[in-house]
There are 2 protein chains.
Amino acid sequence: MMSKKCKYALKALVRLAADYQKGYLSTGLIAQEEAIPKKFLEQILLELKQVKFVNSQKGAGGGYYLLKHPKEITFADIYRIFDGPIALTPCTSLNFYEPCNDCPNEAVCYLRKQLIDIRDKTRKSMMGASLQSFLDNKSAISKNLKK
Amino acid sequence: MMSKKCKYALKALVRLAADYQKGYLSTGLIAQEEAIPKKFLEQILLELKQVKFVNSQKGAGGGYYLLKHPKEITFADIYRIFDGPIALTPCTSLNFYEPCNDCPNEAVCYLRKQLIDIRDKTRKSMMGASLQSFLDNKSAISKNLKK
DNA sequence: ATAAATCCTACCAAATTAATAGAATTTAAT
DNA sequence: ATTAAATTCTATTAATTTGGTAGGATTTAT
């Protein structure tokens with residue numbers, strides 16, 4: 001399961017992707033449209049700014065905008081920022097590696113093979129889900145509604 | 001990431017699988033061999049008994065034993081018992097379905113498609129990891145050590 | 001000036017996690 | 001019968017994480 005924070009971040013980024021290179025979107029607007037608590041969203045966007053996924057413009061008429069192309073940000077990236085490792089254990093994580101304290105010798109760990117296999121497949125599927133792909137869904141759905 | 005409880009359960013079950021149909025293993029023995037806090041393991045095994053993965057024999061010489069064939073228990077099953085849904089959201093879970101409160105209309109949710117795709121792939125890889133497969137690792141590794 | 005926006009830090013309640021504690025119960029062996 | 005070994009059951013607890021809320025400081029456009 002992903003945290004609410006992560007889901008909120010995903011929705012906010014998809015919304016920003018919808019207006020990619022079309023100016024600023026305020027926290028208030030995104031919060032309202034995506035049903036996210038506004039003050040919580042502020043914190044989330046701040047974190048996304050720190051990792052250079054978005055940038056902001058202060059003051060009246062300001063807001064946030066996406067810095068990268070929607071194809072360049074995937075769910076795997078977002079998950080890692082807010083929920084940490086994709087792997088099932090620290091010792092099988094690529095981006096957050098840490099040895100396990102209950103494991104005396106990693107080379108002899110009989111769990112590793114499968115845990116790495118699961119990580120690889122989960123990782124791959126998460127990397128396939130770019131902001132662009134969510135955006136494509138969104139327009140396909142609204143197109144379908146009009147018919 | 002999986003919880004420690006889940007990892008402990010997995011290790012305990014693999015250990016029990018190693019002695020499948022060979023009598024009882026005590027909590028104390030498993031705890032020692034697998035570096036699991038004994039009293040914590042007791043609770044875990046109790047839960048595994050409730051879901052009929054293991055059974056127990058009280059008293060001196062007693063202990064736990066695996067009820068199912070090691071091929072019939074997969075990591076997906078264990079994960080669900082201790083860590084809950086494999087899916088990233090309740091609304092995309094097969095075994096723990098719940099509607100999302102921040103989602104007015106599921107049919108129009110533009111996140112679903114990818115979240116279901118990720119769930120399916122994660123699920124599939126987790127179902128591929130049976131107790132037997134971990135056991136096969138274990139013997140392959142110890143065989144390799146002897147050479 | 002003022003209104004609108006981000007920025008920053010602190011706080012908080014509830015839930016979850018990872019245990020620990022202790023006693024009750026059952027069973028096998030002496 | 002007694003005792004030792006084992007599971008069973010229930011409660012407690014400390015630390016961390018989650019999902020927010022609060023309030024003010026700062027910046028900028030009008």
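Chain A is the first sequence line, chain B the second, and so forth, proteins listed ahead of strands; every chain is numbered from 1.
Aromatic ring pairs are classed by plane angle as parallel below 30°, tilted from 30° to 60° and perpendicular above 60°; the pair His69(B) and Tyr20(B) is perpendicular. Using bins of under 30°, 30° to 60° and over 60° for the plane-to-plane angle, the ring pair Tyr65(B)/Tyr24(B) lands in the tilted bin.
Comparing Gly61(A) and Gln50(A) by the nucleotide of DNA chain C that holds the closest heavy atom to each, the one mapping nearer the 5' end is Gly61(A). Residue whose closest nucleotide on DNA chain D sits further toward the 5' end, between Glu42(A) and Lys5(A): Lys5(A).
The pair Asp117(A)-Lys121(A) meets the salt-bridge criterion, since a charged nitrogen lies less than 4.0 angstrom from a carboxylate oxygen. A salt bridge links Arg15(B) to Asp19(B): at least one charged side-chain nitrogen sits closer than 4.0 Å to a carboxylate oxygen. A salt bridge is defined here as a Lys NZ or Arg NE, NH1 or NH2 lying under 4.0 Å from an Asp or Glu carboxylate O, and Glu33(A) with Lys11(A) fails to meet this definition.
Note: CZ (Phe40(A)) to C1' (dA13(C)) measures 14 Å, nearest angstrom. In this structure, the CG atom of Leu41(A) is 12 Å from the P atom of dC7(C), given to the nearest Å. Taking atom CG on Leu45(A) and atom P on dC7(C), their separation rounds to 9 Å, with Å as the unit. Atom P of nucleotide dA6(D) and atom CD1 of Ile30(B) are separated by 12 Å, given to the nearest angstrom. Across the protein-nucleic acid pair, Lys49(A) atom NZ and dA5(C) atom P stand 16 Å apart, rounded to whole Å.
Put simply, Thr27(A) has a side-chain N or O that comes within less than 4.0 Å of OP1 or OP2 on dT6(C). Checking the phosphate oxygens (OP1, OP2) of dT8(D), a side-chain nitrogen or oxygen of Tyr64(B) falls inside 4.0 Å. Look at Ser56(B) and you'll find a side-chain N or O under 4.0 angstrom from OP1 or OP2 of dT8(D). Checking the phosphate oxygens (OP1, OP2) of dT6(C), no side-chain nitrogen or oxygen of Ser26(A) falls inside 4.0 Å.
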Using atom names, set out every protein N or O paired with an N or O of nucleotides 26-28 of chain D below 3.5 Å, distance rounded to 0.1 Å.
residue : atom : partner  : partner atom : Å
dT27(D) : O4'  : Lys58(A) : NZ           : 3.4

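Judged by distance alone with a 3.5 Å cut-off, a donor-acceptor contact links the side chain of Lys39(A) to the base of dG23(D). Side chain Gln43(B) to base dT8(D): no donor-acceptor pair is found below 3.5 Å.
Residue-level contact check: Tyr8(B) touches the backbone only, with heavy atoms under 4.0 Å from sugar-phosphate atoms and none from bases. Residue Tyr24(B) is out of contact with every strand shown, counting any heavy-atom pair closer than 4.0 Å. Across all strands, Gly63(B) comes closer than 4.0 Å only to sugar-phosphate atoms, never to a base (heavy-atom distances).
With sequence neighbours excluded, the residues forming a side-chain contact (heavy atoms from CB on, under 4.5 Å) with Leu94(B) are Arg119(B), Arg123(B), listed by chain and number.
The closest donor-acceptor contact from the side chain of Thr122(B) to the backbone of Ile118(B) lies under 3.5 Å.
Here dC8(C) is the nucleotide among dC8(C), dG19(D), dA18(C) with the atom lying nearest to any side-chain atom of Leu46(A).
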